[in-house]
Amino acid sequence: MGRDTSSTTYTRSERTRYRLKLHENLETFARYLPRADFSDAATIGIEMEINLTDADGHPVRRALDALDAIGNDEFQTEIGAHNIELNLPAVPVAGRGLEHLEDAARQRLHDARIAVEEIGVELVPVGMLPTLTEDDLRSEGWRNPENRYKALDNAILEARGEDIHIHVQGDDEIDLTIDSIAPESACTSAQLHLQVPPSQFAAAWNAAQAIAGPQVAVAANAPFFLGQAGWVENRIPVFTQATDTRPPEFANQNVRPRVWFGERWINTVFDLWEENVRYFPAILPESRQAAGQALLTEGAAPRLHELVLHNGTIWRWNRPVYDPGSGGRPNLRIENRLLPTAPTVLDQISDAAFFYGLVGRLVHDPRPLWSRMPFSDARANFQACAKDGLTADVVWPGLGSVPVAELVGEVLIPLAREGLVIQEVDDDLIDRYLSVIEARAHTGHNGAAWQRRMVEQLESVWMGREEALAEMTRRYRQNQVTGKPVHTWDI
């Protein structure tokens, strides 16, 4: 979904032709993989989705105005008119690469904040904006105007055949039926990119899947949706349901959802692309010609336009990415999509260091974690940690059922440290970032916990929920600007 589309609706004949092109693309990819000269540089990158609010912390649908004010093409639209996205350029992980990402993110956000303040807009990086209301989602102007967003909204509703239903049961119950995919725009996330060679891709993807539960538990920052305290990381169930093309009967038949954890460990990167074509019908059948995409010259990496676009409409929590490059060598990446946007830049880069370190260590394990862990345990851990955060229990090889905070502190942080050392990250940076993760695990104090405790405190002094959420959001923004990690924030 990184590029616009030429249309917002498609005919049956266009869908038929697209299906044929998908299968042609898949065969081309299968032939190309064994002989391809992929880049093997260990580069990393981050995309951060950001909410736009007024001075009182309420959402404003002014993404295009904000982007004009910022004037930096590293900032782009997202589906919601109250969202924008920052795309940071990739850097090598070795040495001080993580620090370069931190410095770049901090400077871009600082400059953007100053720019949008001139038009009365605030930037609030958070997994879900606590002040977002049902009226905001039902507003005609909830969506940005690009064709791709309207086409996606149309396609999901057409495939589903009825309105979207969101149901989340946590401390409170969330129950919403709505005639658009607007709830997707409530889910603001950070995507981590890790470039890997084909020979390591399966191991890296399996590792990323295995650690997904602890990863989301440590980083949770979306505990309120439409004023209700559902899961600790509401993004996970809300995003899953907001883009669900299945009516309930198909879900009851175990038809796979388009937001998908997966169902098995893989042996090669091709396994994921083959699953995409085998299990998921195209919802945006935009041909290469309609999109205005040129073919590459003979001998260059194939663009695989249809296959790549199709991949962009299947929201795996760890998504494979194929990039043919623009004259250089092609590359393969894992796009880790399960994290919320963090409270501060330091929190965000610490989340990234934890992920890159763990994957970097686990791919070298002589007895892989996934050979000892049923895939169903990885999926159940992910769900439990999204629901309960750092208070969740998970199942881990050799340990059985264990509190996830204990697992992170005693097992995973030491492994992440080893992984960052293997990748030649400077020692002082390893200490800087992993100490943030360690403090969260020790105190149980991540973004979601701070938000929940602050609202409880405000409600205890006779504030109503709506007023408490607005006041909490105001204090969140004040703390955020200091740059201090969330585990140090006072209640």
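Side chains are part of it too, since the values below use all heavy atoms of this structure and drop only hydrogens, waters and symmetry mates. Please read these numbers as outputs of a predicted model, since none were measured by experiment.
Residues forming a side-chain hydrogen bond (donor to acceptor under 3.5 Å, both in side chains) with Ser371 (at least two apart in sequence, or on another chain): none. Take Tyr356 and apply the side-chain hydrogen bond (donor to acceptor under 3.5 Å, both in side chains) test, not counting sequence neighbours, and it matches no residue. In this view, Pro214 and Trp396, Val404, Leu407, Val408, Leu412 satisfy the side chain to side chain contact (heavy atoms under 4.5 Å, CB included) rule, not counting sequence neighbours. Residues passing the ring pair (Phe, Tyr, Trp, His ring centres under 6.0 Å) test with Trp142, sequence neighbours excluded: none. Residues satisfying the side chain to side chain contact (heavy atoms under 4.5 Å, CB included) test with Pro374, not counting sequence neighbours, are Ser376, Asp377. Listed by chain and residue number, Leu137, Ile166, Leu176, Ile178, Phe225, Val238, Ala242 satisfy the side chain to side chain contact (heavy atoms under 4.5 Å, CB included) test with Pro183 (two or more places apart in sequence, or in another chain).
Pairing each heavy atom of Asn446 with each of Val218, the nearest pair is CB-O, 3.3 Å.
Between Phe375 and Phe261, the ring centre distance stays below 6.0 Å. Taking the six-membered ring for Trp and the full ring otherwise, Phe354 and Tyr433 have centroids separated by 6.0 Å or more.
Pro198 is listed as a side-chain neighbour of Leu332, based on a closest heavy-atom distance under 4.5 Å.
Side chain to side chain, Gln191 and Ser189 meet the donor-acceptor criterion of an N or O pair below 3.5 Å. Side-chain contact, His58 with Asp136: no donor N or O sits under 3.5 Å from an acceptor N or O.
Between Arg258 and Asp244 there is no salt bridge, since no side-chain N of the basic residue sits under 4.0 Å from a carboxylate O of the acidic one. Under the 4.0 Å criterion applied to side-chain N and carboxylate O atoms, Glu102 and Arg106 are assigned as salt-bridge partners. In summary, Arg235 and Glu184 do not engage in a salt bridge, as defined by a charged side-chain N under 4.0 Å from a carboxylate O. Under the 4.0 Å criterion applied to side-chain N and carboxylate O atoms, Lys21 and Glu306 are not assigned as salt-bridge partners.
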Legend entry - Full working for salt bridge (charged side-chain N to carboxylate O under 4.0 Å, His left out) between Asp179 and Arg138: CA-CA 8 Å; Asp179 63 355; Arg138 295 191 185 280; 5.0 Å; no

Inset, instruction - Apply side chain to side chain contact (heavy atoms under 4.5 Å, CB included) to the pair Leu86 and Glu49, showing each step before the final yes or no. - result: CA-CA 6 Å; Leu86 169 60; Glu49 296 169 358; over 6 Å; no

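Using cut-offs of 30° and 60° on the angle between ring planes, the pair Phe382 and Trp317 is tilted.
Of the listed residues (Arg256, Arg264, Arg319), just one forms a salt bridge (charged side-chain N to carboxylate O under 4.0 Å, His left out) with Glu275, and that residue is Arg264.
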